[in-house]
Amino acid sequence: MPKLLDLLIPARCASCGAPGAPCCATCQTAWGSLSEIIRGPTAGLVPVYALAPYADDARRLILAYKERGRRDLAPSFGRAVAEALIHLPEPEPEPCLVPVPSRRSASRVRGGPHVRRIADECVKALADKGKPATVAPVLKLGVGVRDAVGLTRAQRSANLDGRIRLVAGACREKVVLLDDVITTGATAAACTRFLDISGIHVSAVVALAAAG
């Protein structure tokens, strides 16, 4: 049925509207080479990288994915992240991706954990390149976490304080933390510190885009 529906209603690029694919070849170039991002909370803690500024095509694509139901963008995001992982300064021979968790209410609206979906697609893309990788969704958020939009760096840190939980599951001792957008760096820092005290070292944080 989905394939028949695609024939009847061809996909359009979520950024420019061009017919043919959820993200056209031109807009896919929004995801460039890795750039290191410096944020106060993560400085000296963990290297952070993003594939694009949170603007223009990158912003439109992410918003369409998160807020407008365009879950069909996950494969193109996954391919972009897969390419980025290969070009990390110190790439892991078999990367283990830990997705940054979402609030339960946000996950329900977005059809499930949206960053985990990207991580799963990334692993598929790496497999196509003959490079093994795994996803370890071992983090979750406890009750009381608010939407971080509009919060200051201090408020974002306080929002997560004591509210990150570890989920039982297989996980390597060295992982890459995956997020969609880096803003203040507070979330990446909180997740990195929590994983560290849990015996799991975060070698890098990779995000699709960096705001600001």
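Note that the structure is a prediction, hence the values are computed from the model and not measured.
Partners of Ala30 by side-chain contact (heavy atoms from CB on, under 4.5 Å), not counting sequence neighbours, listed by chain and number: Asp57, Ala58. Every side-chain contact (heavy atoms from CB on, under 4.5 Å) that Asp72 has, sequence neighbours left out, goes to Pro22, Arg70. Applying the side-chain contact (heavy atoms from CB on, under 4.5 Å) criterion to Arg172, with sequence neighbours excluded, gives Glu94, Cys96, Thr134.
Looking at Arg79 and Glu121, no side-chain N of the basic residue comes within less than 4.0 Å of a carboxylate O on the acidic one, giving no salt bridge.
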Pair up each side-chain donor or acceptor in residues 81-89 with any protein partner under 3.5 Å, not counting sequence neighbours, and list the distances.
{"unit_1": "Glu83", "atom_1": "OE1", "unit_2": "Lys129", "atom_2": "NZ", "d": "3.2"}
{"unit_1": "His87", "atom_1": "ND1", "unit_2": "Glu83", "atom_2": "O", "d": "2.9"}

Would you be so kind as to tabulate the donor-acceptor pairs closer than 3.5 Å made by side chains of residues 49-56, with sequence neighbours excluded?
none

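The ring pair (Phe, Tyr, Trp, His ring centres under 6.0 Å) analysis of residues 18-45, with sequence neighbours excluded, yields the pairs Trp31-Phe77.
Closest heavy-atom contact between Arg12 and Gly17: NH1-O, 2.8 Å. In terms of heavy-atom proximity, Pro47 sits nearest to Glu36 at CB-OE2, 4.0 Å.
When side chains are defined from C-beta on, Leu195 does not count as touching His201, because their heavy atoms never get closer than 4.5 Å. The closest side-chain heavy-atom distance from Ser203 to Glu90 is not below 4.5 Å.
Shown are Val205, Ile182, Val48; of these, the side-chain contact (heavy atoms from CB on, under 4.5 Å) with Arg39 is made only by Ile182. Results of the side-chain contact (heavy atoms from CB on, under 4.5 Å) test with Leu177 over Leu139, Ile200, Thr187, Val46 single out Leu139 as the only residue that passes.
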Exercise for the section: Please assess Cys23 against Ser15 for the test side chain to side chain contact (heavy atoms under 4.5 Å, CB included), listing each intermediate value before the final yes or no. Expected result: CA-CA 7 Å; Cys23 180; Ser15 180; over 6 Å; no
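For the residue pair Asp180 and His114, a side-chain donor N or O sits within less than 3.5 Å of a side-chain acceptor on the partner.
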